[in-house]
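The structure appears below as structure tokens.
Convention: sequence-line order gives letters A, B, ...; per-chain numbering from 1. Owing to the predicted nature of the structure, the values given are computational and were not obtained by experimental measurement.
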Amino acid sequence: MSEFNKLERNAAKTAALNELDPAVQQAIGDFKASVHAWSDNAMTRPRTVVHTAVRHGWRFAAAWAMSASLLLAGVSGGFYVHHRNEVQKEIALEQQKQEQQRQLAQRRALQEERLLANVDSDLSREVPEAMEPLAQLMNESNSQ
Amino acid sequence: MTSTNEPAADDFARMVESHRPQIFRFLLASTRDIDLAETLTQDCFLKAHRNWSGFRGDSTAMTWLMRIAINLQRDHWRNRRLQFWRQATTNSVDLDEASDWLPSGERTAEQHLLAKERVRHVWRVVEKLSGRQKTVFLLRFVEEMDLGEIAIATGLSEGTVKAHLSRALGRVRAELGEMQ
């Protein structure tokens, strides 16, 4: 019974598909004609392969140029930073050396000054033998 | 070797020439994207070429090709669902643009406008149909394949094809009823 019902339902569906009402038939006919017209037009349209290829080529070149410049900037940036560090190290070393030399010179100058002062005082205390009586006289007159 | 391959190559070339418009049209109506339809058509014939030696002629070449096209289209949408960000870059034309195409027949301006309106309503229905219903509807009413061929091409039973068509037609009727 159920098999019979199924067959009957199937037959009814087939009949419904074959007997479309005029409005639906017309709408579907217009739809079909529209799709055919669109498809025919799309198939015969001028192709834009060359344009696409050029555009892709341009994009490809731009991407390469961008990558190359980024790489170059990265590498040269690295070199620049390295070079700047080296220069700064050299400057710091030079300044340290100059400071050491300045301190050394200062120390030497101080030592020389002290030495000269000692020499002066030693010299001033010593009186030649010939001038001894005069020196005694001066001491006596000073005591009186 | 060459002599046996040459007739097969000729047969294949003839088949491409005669069936390419139908395959492209079906894919265009399914996707509403000219570039995608062209790509899938190319893929379809490439796949057909690879399997041409295995084609035994149990069904017509058209049905066989249509089956390949349906599978390719389904795979494409599956992939697109995974790669959801590609949805944003879809080139599908909108329904109004798709409805603009009508053959230049002997119609008055009013008849032309009415026809355009009817086409737009059918597109609107097609848009809302499920994948299978859409495929069955397009194969039946655009490609005018019979139910047996549609069943082979889609891998569905004839009863299921009828059910899908019946539902799709019901929707068209309802949409046209709203129009009037």
Side-chain angles (χ1 to χ4, degrees), chain A residues 1-70, chain B residues 20-30 32-35 37-38 41 93 97-105 107 111-112 114-123 125-126 137-138 140-144 147 158-159 161-170 172-173 175-177 179-180:
Chain A
M1 186 65 183
S2 65
E3 191 63 30
F4 178 73
N5 281 345
K6 207 173 168 183
L7 282 171
E8 214 174 31
R9 228 179 22 242
N10 233 346
K13 269 181 197 167
T14 312
L17 291 177
N18 291 334
E19 293 166 18
L20 296 174
D21 51 87
V24 174
Q25 209 162 11
Q26 194 173 23
I28 288 177
D30 287 334
F31 176 73
K32 180 188 152 196
S34 171
V35 173
H36 279 239
W38 184 23
S39 167
D40 291 346
N41 180 276
M43 276 194 81
T44 53
R45 74 184 171 141
R47 296 290 191 270
T48 53
V49 174
V50 173
H51 177 67
T52 312
V54 167
R55 196 177 60 189
H56 280 202
W58 176 81
R59 281 185 185 171
F60 190 66
W64 262 103
M66 183 82 90
S67 310
S69 56
L70 278 173
Chain B
R20 189 170 173 269
Q22 285 161 291
I23 297 295
F24 174 73
R25 188 167 55 226
F26 165 73
L27 289 167
L28 179 67
S30 301
R32 293 207 317 275
D33 183 335
I34 296 173
D35 293 334
E38 277 182 350
T41 305
V93 299
E97 201 180 322
S99 313
D100 277 347
W101 295 97
L102 271 175
S104 49
R107 298 184 201 223
Q111 283 172 335
H112 194 83
L114 280 171
K116 216 164 148 179
E117 191 62 14
R118 282 192 293 268
V119 171
R120 202 162 60 84
H121 277 82
V122 178
W123 267 123
V125 172
V126 169
F137 181 84
L138 293 175
R140 178 74 189 98
F141 294 113
V142 177
E143 299 309 325
E144 296 190 323
L147 298 179
E158 227 172 283
V161 169
K162 279 180 196 167
H164 281 318
L165 270 180
S166 178
R167 274 181 218 138
L169 278 175
V172 173
R173 270 193 206 99
E175 180 75 28
L176 291 175
M179 177 188 164
Q180 283 159 1

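Taken to the nearest 0.5 Å, the CE atom of A:Met43 stands 7.5 Å off from the OG1 atom of B:Thr41. Atoms CD and CG, from B:Gln111 and A:Asp30 in turn, are 10.0 Å apart once rounded to the nearest 0.5 Å. Here CD1 of B:Ile34 is found 7.5 Å from CG of A:Asn41. Values are rounded to the nearest 0.5 Å.
Neither the backbone nor the side chain of B:Glu143 comes within less than 4.5 Å of any heavy atom of chain A.
Every residue two or more places apart in sequence or in another chain was checked for a ring-ring contact (aromatic ring centres under 6.0 Å, His included) with B:Phe26, and none qualifies. Taking B:His164 as the reference, nothing meets the side chain to side chain donor-acceptor pair (under 3.5 Å) condition, with sequence neighbours excluded.
Shortest non-hydrogen contact noted between A:Ser39 and B:Pro21 is OG-O, 4.2 Å. The shortest heavy-atom contact between A:Val35 and B:Ala29 is CG1-CB, 3.9 Å. Smallest separation of non-hydrogen atoms from A:Ala42 and B:Glu38: O-OE2, 4.1 Å. The shortest non-hydrogen separation linking A:Ala23 to B:Leu176 is O-CD1, 3.8 Å.
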Exercise for review: May I have the step-by-step check of side chain to side chain contact (heavy atoms under 4.5 Å, CB included) for B:Val172 and A:Phe31, ending in yes or no?
Suggested key: CA-CA 11 Å; B:Val172 173; A:Phe31 176 73; over 6 Å; no
Check your understanding: Going through the distances and angles, do A:His36 and B:Val142 end up as a side chain to side chain contact (heavy atoms under 4.5 Å, CB included)?
Key -> CA-CA 8 Å; A:His36 279 239; B:Val142 177; 4.1 Å; yes
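A 4.5 Å side-chain heavy-atom check between A:Ile28 and B:Phe137 finds at least one atom pair inside the cut-off.
Relative orientation of the A:Trp38 and B:Trp123 rings is perpendicular, given thresholds of 30° and 60° on the angle between their planes.
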